[in-house]
Amino acid sequence: MMTHEIIMAGFGGQGVMAMGKILAEAALREGKNVSWLPSYGPEMRGGTANCNVIVSEDPVGAPIVTEASAALVLNRPSLDKFEKDVLPGGTLIINSSLIDRKATREDIKIYYVPANDIANEIGTGKIANMVMLGAYLAASGAAKEDTVMEVVTEIFSGKKADVIPLNKEALARGAACVK
Amino acid sequence: MKKEARLMQGNEACVEGAIAAGMRFYAGYPITPSTEIAEISAEKLPYVGGKFIQMEDEIAGMAAVIGGSLTGLKSMTATSGPGFSLKQENIGYAAIAEIPCVIVDVQRGGPSTGQPTCPSQGDVMQAKWGTHGDHPVIALTPSSVKETFDLTVRAFNLAEKYRMPVLLMMDEVIGHMREKVELPDPSELEIIDRKRPDCDKDKYIAFKPDEDLVPPMADFGIGYRYHVTGLVHDETGFPSNSTKVADQLIRRLVDKIEMHKHDIIQWEEENTEDAEVIIFSYGCVSRAARTAMKALRDKGVKVGTFRPITIWPFPEERLLELAKKVKTIIVAEMNLGQMVLEVERICNNVTKIDRVNKVSGDIIYPEEIVAKVEEVL
């Protein structure tokens, strides 16, 4: 298995940290070594936020990702900042609902996912991160959708259980964007 | 019991370790990037019969920890740079009054409020010299989430064994990152409790040391009466103006650690047997050092790594042995050169010493270490 080194980036509040944690937790349950490293400004909602996730068969060394196998960018500043960090042959997933330019790289796989538009169709804009994650899972195989749903189901058990099917739909709709 | 792998944050592992070690009192004032240690302690302590208190500031947090420990409870506080500065006076109080306790500093960019959410290693000299006067220091630096658990247990053990404050010097990366951790079964852990007096209550001399230079410590409030002060004191605990008493006390406090340094000092080294260059690093930087070493070894460059786990007291003897065998030691740290001063003091006449430093709030990348090694070869 290849080592997945992923950058996820967007505004604070878009669920960037959460989707990274969900991916890390799912990969861990599949027996992988994982690390999740957050990076954020002093402010929270509205500030820039990103996290690095590494999924590997081997123990994780430096948890920082500078040469990414994939980048998931949820806003324009994140695309501007991280497009160059994707390794040749790597994957760049762009939230085309909010990002008004195309990628300039020609040596990587690029997917445009209208994550916020899809999330609004599903019924809640908050779930755009899971649309992006669904696209990434389909493109990379870093974790299985079933394992991710197992994690999501635990997070939202109880009072918030009604959002579980919405998450499943978000993952599926995201996955459909890369097929 | 089957060990279950969990995705855990460094700050959470610190609390898990503390509770496993027997922490039953936490006092503090939350501050980024250590806040989760307070939050999780508040959540978990009541379930094990412990107490959590949020004080009005970091100074009071440290003072309350001293009080908690005096009553016999294993006590801890956690903070970051600004709070670590505020706690210094009371850390000195704990040193002279020989109060076992654990102080966690999840280092962020400084000085002052600096960079609250960014990693730094700018407090490692403050750990040694932050409080005034000559005093012993034990400071430990974890480089992974699992090691944060292990070293928190060890910090409590050393505090209890040697009756003194022990510092756990984390950094923002180790505090906030999450990784796979398999916690040991509590029954596998070595847990050390402080020596308590076995003499009659009216015969207790509170600061009379045993042969190991550590005086047995009675819990306050159970009938052993004694005086505790930040002033220089004789064996009864009452202040003394005697120069002889002062000399004896301060020397005993320092000798207590010198005598047991081989029990306290830990380090880790890798590929040092044939190394021409050694990368010296600690905390989160040692992960980048390890990645750099692997990349260089793949190219045939003979590189090893040396990582002090105990930074104070410093693993001086082993480092000097290694220095005699290598061409260069490269000290990589997230400050403008602090621990390198200690490396220079020990190894300056023996080998060349070079530096990789960063104070931007960004962590040191493996590539930056690789570039430095290639430059010096």
Side-chain angles (χ1 to χ4, degrees), chain A residues 3 5-8 12 16-45 47-68 81-82 85 87 143 147-148 150-152 154-155, chain B residues 4-12 31-33 36 108-109 113-119 143-147 171-182 270 279 281 283-295 305 332 334 358 360-370:
Chain A
T3 294
E5 302 203 11
I6 311 133
I7 296 170
M8 300 178 173
V16 167
M17 300 300 182
M19 77 171 159
K21 272 191 266 190
I22 290 168
L23 173 62
E25 178 74 45
L28 176 118
R29 290 179 189 208
E30 291 175 7
K32 306 297 194 307
N33 288 292
V34 299
S35 70
W36 173 88
L37 178 70
S39 168
Y40 27 54
E43 71 279 58
M44 292 303 283
R45 194 173 184 93
T48 56
N50 69 79
C51 67
N52 294 169
V53 177
I54 299 178
V55 177
S56 174
E57 292 291 341
D58 303 318
V60 177
I64 186 103
V65 175
T66 50
E67 295 176 331
K81 187 170 178 189
F82 294 114
D85 292 340
L87 281 169
T147 324
V148 169
E150 187 186 306
V151 175
V152 168
E154 275 178 34
I155 294 172
Chain B
E4 193 193 345
R6 285 170 61 188
L7 185 68
M8 189 180 281
Q9 191 194 44
N11 285 340
E12 185 183 358
I31 178 172
T32 303
E36 294 86 355
R108 69 192 222 183
T113 32
Q115 292 174 288
T117 58
C118 296
S143 70
S144 70
V145 173
K146 171 62 168 51
E147 197 179 43
D171 54 62
E172 188 271 342
V173 168
I174 301 301
H176 275 161
M177 78 178 284
R178 285 166 202 265
E179 62 184 341
K180 179 176 154 182
V181 176
E182 287 169 7
E270 200 173 350
I279 307 163
S281 63
C284 75
V285 179
S286 57
R287 303 175 70 108
R290 198 150 182 272
T291 304
M293 177 188 69
K294 281 187 185 162
T305 56
M334 287 188 299
K358 213 168 189 179
S360 59
D362 201 5
I363 80 176
I364 293 177
Y365 300 140
E367 303 87 67
E368 294 170 311
I369 299 174
V370 168

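- Interatomic distance, CH2 of Trp36(A) versus CE of Met177(B), reported as 10.0 Å (0.5 Å rounding).
- Within the model, atoms CD of Glu25(A) and NZ of Lys180(B) stand 12.0 Å from one another, a figure rounded to the nearest 0.5 Å.
- Of the listed residues (Gln9(B), Arg178(B), His176(B)), just one forms a side-chain contact (heavy atoms from CB on, under 4.5 Å) with Pro38(A), and that residue is His176(B).
- Contact detail for Arg287(B) and Pro63(A): the closest heavy-atom pair is NE-CD, 3.5 Å.
- Nearest heavy-atom pair across Ala62(A) and Pro366(B) is CB-CG, 3.8 Å.
- Of the possible polar contacts, none joining the Thr291(B) side chain to the Gly61(A) backbone as a donor-acceptor pair under 3.5 Å is found.
- Looking at residues two or more places apart in sequence or on another chain, you find a side chain to side chain contact (heavy atoms under 4.5 Å, CB included) between Gln115(B) and Cys118(B).
- Rounded to the nearest 0.5 Å, atoms CD1 (Ile363(B)) and CD1 (Ile64(A)) are 4.0 Å apart.
- Atom CG of Leu7(B) is separated from atom CD1 of Ile22(A) by 11.0 Å, given to the nearest 0.5 angstrom.
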